[in-house]
2 protein chains.
Amino acid sequence: MKTPADVEEPRWLTDDEQHAWQAYIQASMLLEDHLDRQLQRDAGMPHVYYGLLVKLSWAPRHRLRMTELAEAAKITRSRLSHAITRLEKNGWVRREDCPSDKRGQNAVLTDEGFEVLKKAAPGHVEAVRSAIFDRLTPEQVGQFGDICRIIADGLQPEGADLPWLR
Amino acid sequence: MKTPADVEEPRWLTDDEQHAWQAYIQASMLLEDHLDRQLQRDAGMPHVYYGLLVKLSWAPRHRLRMTELAEAAKITRSRLSHAITRLEKNGWVRREDCPSDKRGQNAVLTDEGFEVLKKAAPGHVEAVRSAIFDRLTPEQVGQFGDICRIIADGLQPEGADLPWLR
DNA sequence: AGCCATTTCTTGAACTTTAAACTAGTAAGC
DNA sequence: GCTTACTAGTTTAAAGTTCAAGAAATGGCT
């Protein structure tokens, strides 16, 4: 046999794939950097932290269990724990014991946090818009969403909340 | 006047834009996390550091000026400086004075660094492929590349290396 | 009830990143 | 030649992230 299974030549990326991949890396680096600076300047927090406030503002009663928030934001619970500690020091979020499960904690968006969010939102949308959506056709926006969703879904633990399907 | 210029309602994202934006955030979080873990496990370094070795391996004589490498990888010079210090401790890169400019430094990929890279590459390509390219149609790969390039180009200092055009 | 595995969240240390200040060398104007 | 401005790269300290370990509560299972 010329190429035994354990010495198989890897399936390298085609030129198109390689170019797309490099473009993605550059776009994501520049974008994270851009948004982090914008929000650090205008709202005093990095983009991920802003995202946490957004998720909380979308939740009923402006509160979410730590694990739910971590899953929604796609970050580890450890990272979230540190982040909430910091946001709590800013007075933008507070922790609250979960009544039904004594292990649980709710992260609650404070009124002050909500104000900060409302104040920062317009500038942030403008930054996102001018970096991305003002540059894409409506068709491309659709394609972009589809592609990102495929990638995101592929990386989720398939039946994370449906263990019997695994 | 009903809405003075300084109280203009921000141009919020449309539903399509909002969905695409959330999908992007999720995809990029999950992807960075996935690749960081994969490379940390298989090569002992985070994804950005691996990217630096890749750029060096592509450069003539496996070396690049610090500033060029920082620009290629879209990271700050400070970040690069720290990263190279760490990679130098691993013996995968070494610094070399630039002959023509006494301020300058070249980052040089060592033979050992090149070996580490060659050993890690197949696993990494496989990770990228299975997370992204195996899930997209060839058409989508093209769209993805185009869109990312538009975003990346939009965030570059327009004539960074053509100051007379600014 | 008692036991064991699991879940929830936090912690501390190591590591990475950022922002700003700093050193040293180059370049431009006079 | 001297001054001034700029460029290349590093350094420091603070902020953020990861990893592994740990405390506390829950949920079966017997």
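Please read these numbers as outputs of a predicted model, since none were measured by experiment. Labels below follow one simple rule: chain letters A, B, ... track the order of the sequence lines, proteins then strands, and each chain is numbered from 1.
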Has the side chain of Arg63(A) got a donor or acceptor atom that lies under 3.5 Å from a matching backbone atom of Arg61(A)?
-> yes

Between C1' of dT16(C) and CG of Asp33(A), the distance in whole Å = 15 Å

For the side chain of Lys102(B), counting heavy atoms from C-beta on, which of dT10(D), dT26(C), dG16(D) is nearest?
-> dT26(C)

Charged N to carboxylate O below 4.0 Å: is that the case for Arg129(A) and Glu126(A)?
-> no

Can a side chain N or O of Arg79(B) be found less than 4.0 Å away from OP1 or OP2 on dT17(C)?
-> yes

May I ask you to decide whether Asp42(A) forms a salt bridge with Arg37(A), counting only side-chain N to carboxylate O separations under 4.0 Å?
-> no

So what does Asp36(A) hit on the nucleic acid, given a heavy-atom distance under 4.0 Å: a base, only sugar-phosphate, or nothing?
-> nothing

Any idea which of dT26(D), dC9(C), dT10(D) is nearest the Arg103(A) side chain?
-> dT26(D)

State whether Glu88(B) and Arg86(B) are salt-bridged, where the test is any N-O pair (Lys NZ or Arg NE/NH1/NH2 against Asp/Glu carboxylate O) under 4.0 Å.
-> no

What is the nucleic acid contact for Arg37(A), judged by heavy atoms within less than 4.0 Å: base, sugar-phosphate only, or nothing?
-> sugar-phosphate

Between dT26(C), dA25(D), dT10(C), spot the one nearest the side chain of Asp101(A), thanks.
-> dA25(D)

Whole-Å distance separating the CE atom of Met45(B) from the P atom of dT16(C) = 11 Å

His82(B) (side chain) and dG9(D) (base): donor-acceptor pair under 3.5 Å | no

Just compare dG9(D), dC19(D), dT26(C) and give me whichever is closest to any side-chain atom of Ser78(A).
-> dC19(D)

